Structures are given as C-alpha cells and as structure tokens.
Amino acid sequence: MNISTNTALQEQIQDLKAHEKIIGLVPTMGALHEGHLSLVNFAYQYCDVVVVSIFVNPTQFNNSGDLEKYPRNFEKDYQLLISNNPKTIVYTPSINHVYGEDVKAEEFDFGSIVSYMEGQYRQGHFNGVGTVLKRLFAIVKPHKAFFGEKDFQQLQLVKKLVEITQQPVEVIGSPTLRMPNGLAESSRNYRLTPAEVEEASLIYKALSQAKTMFNDFSINEIKSSIQDLFEDHQLLELEYFEVAPTSTLIPAQTKKTHLNYRAFIAAYIRDVRLIDNLALN
Ligand code: AMP
C-alpha cells in the first residue's frame, strides 16, 4: 500500500502495533534496485511489516545540481516493492510532511565518525542525513530501522544519532548486495554504460586486494598498492582510499590487534561518484 500523509501512516502503524506487529523502517531515496530489495528482505527477517520511505532529502545534498539530477521513478519503485512483498507500506511524504516550513539541516555532534571520508568530501551531508532520519523515526516510530553496510559511515552515524536523540529504535546493518563482477548495487550505476560497469568493478577488486594484503603488509603499503592499481586505469579516478577501525572511522596509519578494520573507497567514473567498503579482519 502507498501512504503519503503522516496521519494516515500513523493510524496504520498504531493499528499494527495494537496487533503486536513488529514494524521495520527502511529509509530510501527511491531509484530502487536489487540492493534495496535485499535490504527490505533482510528487514522482513526481523519484522512483520516493513515501511519503505521514498524521500529525496533536500538537506543532504551539498550541490543543488545533484539534487535535481537524482533519478526519480515512483511508479517503477512502487511496483518493485509491492511485487517483492505485498505487505510493504510505501511511505512517500512531501517535503512539507517531513520538514514543515523549516527545510534546513540541524547541527549534530557525531564526533570522529563523520570527520573523514564522506564527512570530509561531502560537507554538511551528514547533518542533512541526521536531520531527515531523526524526523522519519519520529513520524514512523518503527521498532527497528535498517541500513546498508554499503554506506558504512552512515550506518555508524545512525547508531550514534539514536544514542544522541534517545529515540527508541534499534538500528540494524545489512550486507552489501553486489553485481556478479563485485560492483556494489547503487542508484548511481543507472548512469553508467555497460562498459563502465565493467571498469567500475576495479573498486571491489581494490577492496579485495586490501583484504588479501591486510595481515602481511602495513597500511601504507596497502594504500600505495591500491593507488598504483588506480593509476593503471584511465577511466576511474580515485578520490580516497582509507583503512579505518569501525569504532572510530578515523583513517589509520598502523594496525592495533584488538580492533576491527574496514577499507573505504570513493572513486569517480566521469562525473559519477561511487563509494564502497569492505571488512578487512
Ligand atoms: P539510498 O536510497 O541510496 O539512500 O539507499 C537506501 C538504503 O539502501 C541505505 O541504507 C543504503 O545503504 C542501502 N543500500 C544501497 N545500496 C545497497 C546495496 N548494494 N546493498 C545493500 N543495501 C544497499
């Protein structure tokens, strides 16, 4: 079912909760693909009913051109979600339903997890993400909310957000769905030609190479080997490659034995910016 007003959604949720149903929320910006569906199906392992919000959040874009260019295809998204699972509630609020008259980002103190990588290269992005999710949690009041590890920094930020705002929602991360060549499914892949999709598999090759090297090489050696890999490929331009512990997300120079590390990449193919990450240990 499609619901676009907050009151209709809240009535529906109250009714479901009165029947002891566990409600999950999967926030999205639409342009749905198999990765989103895998996240929704993952959520159904924990919940009776999953609300998928489709809302292109204006406050998380630091470039108004990007906001305008963001692909929107509601009919296709809706059909995909309902044929995947007819119990799904597709929530499509207007900007006014989410923000009222005040369409601007709040300032949060998320600490070190937003200081580097996406936080560094997309100024203001994470305050916009925090603002919209705080509002969506307050409107939907789900028991659990699900986010892809594909956007790992965002996943850690949401965990921090519910801690700061003390919202009673459990945040759960779901594994990244990849194409057969390793490229993470993404709405941005719609902008790539088939040849570029093949080239872009270098991102996953680099992450896998970092994982293979992790035990036997220093972080500096791993970083320079990944930089060499990208230098050999004309079509892809590396924006950053970092290795960071999952707890702080501060790029590391040296490894500590008791920490969990991930490798993080952002790269451009033409003007299409792709990100990905992988657990190293
Ligand atoms: P977006 O619509 O791009 O904001 O993404 C909505 C949610 O889908 C986020 O929690 C993403 O991390 C998640 N997601 C995006 N791509 C994938 C993927 N390939 N596998 C699993 N989850 C994904």
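Note that this is a predicted model, so its numbers are computed, not measured. Ligands are counted one by one from 1 in listed order, and the atoms in each one are counted from 1 as well.
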- Message: What I want to know is whether A184 and ligand 1 share at least one N or O pair that is separated by under 3.5 angstrom.
- Response: no
- Give yes if a backbone or side-chain nitrogen or oxygen of E185 is under 3.5 Å from a nitrogen or oxygen of ligand 1, and no if not. yes
Starting from [atom], locate the nearest protein heavy atom and write down its residue, its atom name and how far away it is, to 0.1 Å.
| atom | value |
| --- | --- |
| atom 10 (O) of ligand 1 | G148 N, 2.9 Å |
| atom 11 (C) of ligand 1 | D151 OD2, 3.1 Å |
| atom 20 (N) of ligand 1 | L177 N, 2.9 Å |

- Message: Looking at ligand 1, is there an atom of it that comes within less than 4.0 Å of some heavy atom belonging to P27?
- Response: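 P27 counts as a contact of ligand 1 under the 4.0 Å cut-off.
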Between [X] and [Y], does any side-chain N to carboxylate O distance fall below 4.0 Å?
| X | Y | result |
| --- | --- | --- |
| K223 | D228 | no |
| K21 | D15 | no |
| R191 | E196 | no |

- Item | Aromatic centroids of F110 and F126 separated by under 6.0 Å |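 Between F126 and F110, the centre distance exceeds or equals 6.0 Å.
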- Assess the pair F264 and Y240: is the distance between their ring centroids shorter than 6.0 Å?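 No; Y240 has its ring centre 6.0 Å or more from that of F264.
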- Query: Quick one: salt bridge (charged side-chain N to carboxylate O under 4.0 Å, His left out) partners of R72, sequence neighbours excluded?
  - Reply: none
- Message: Checking K134 now: which residues fulfil salt bridge (charged side-chain N to carboxylate O under 4.0 Å, His left out) with it, not counting sequence neighbours?
- Response: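 With neighbours one apart ignored, the set is E106.
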- Is R188 reaching over with its side chain to a backbone N or O of R273, donor-acceptor style, under 3.5 angstrom? yes
Relative to ligand 1, is [X] under 4.0 angstrom through side chain, backbone, both or neither, heavy atoms considered?
| X | value |
| --- | --- |
| T28 | both |
| P175 | backbone |
| H36 | side chain |
| E34 | neither |
| S174 | neither |

Where ligand 1 meets [X] - atom numbers and elements under 4.0 angstrom, heavy-atom basis:
| X | value |
| --- | --- |
| G35 | 18 (C), 19 (N), 20 (N), 21 (C), 22 (N) |
| L39 | 7 (C), 8 (O), 10 (O), 13 (C) |
| F147 | 10 (O) |

- Out of K150, M29, Q154, indicate the one that has the non-hydrogen atom closest to atom 9 (C) of ligand 1.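 Ranked by closest heavy atom to atom 9 (C) of ligand 1, first place is Q154.
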- Measure the OG1-CD distance between T5 and E11 for me, rounded to the nearest 0.5 Å.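 If we round to the nearest 0.5 Å, T5:OG1 and E11:CD are 8.0 Å apart.
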- Message: Checking side-chain polar atoms at under 3.5 Å, does T59 have a donor or acceptor matched by the opposite partner on N57?
- Response: yes
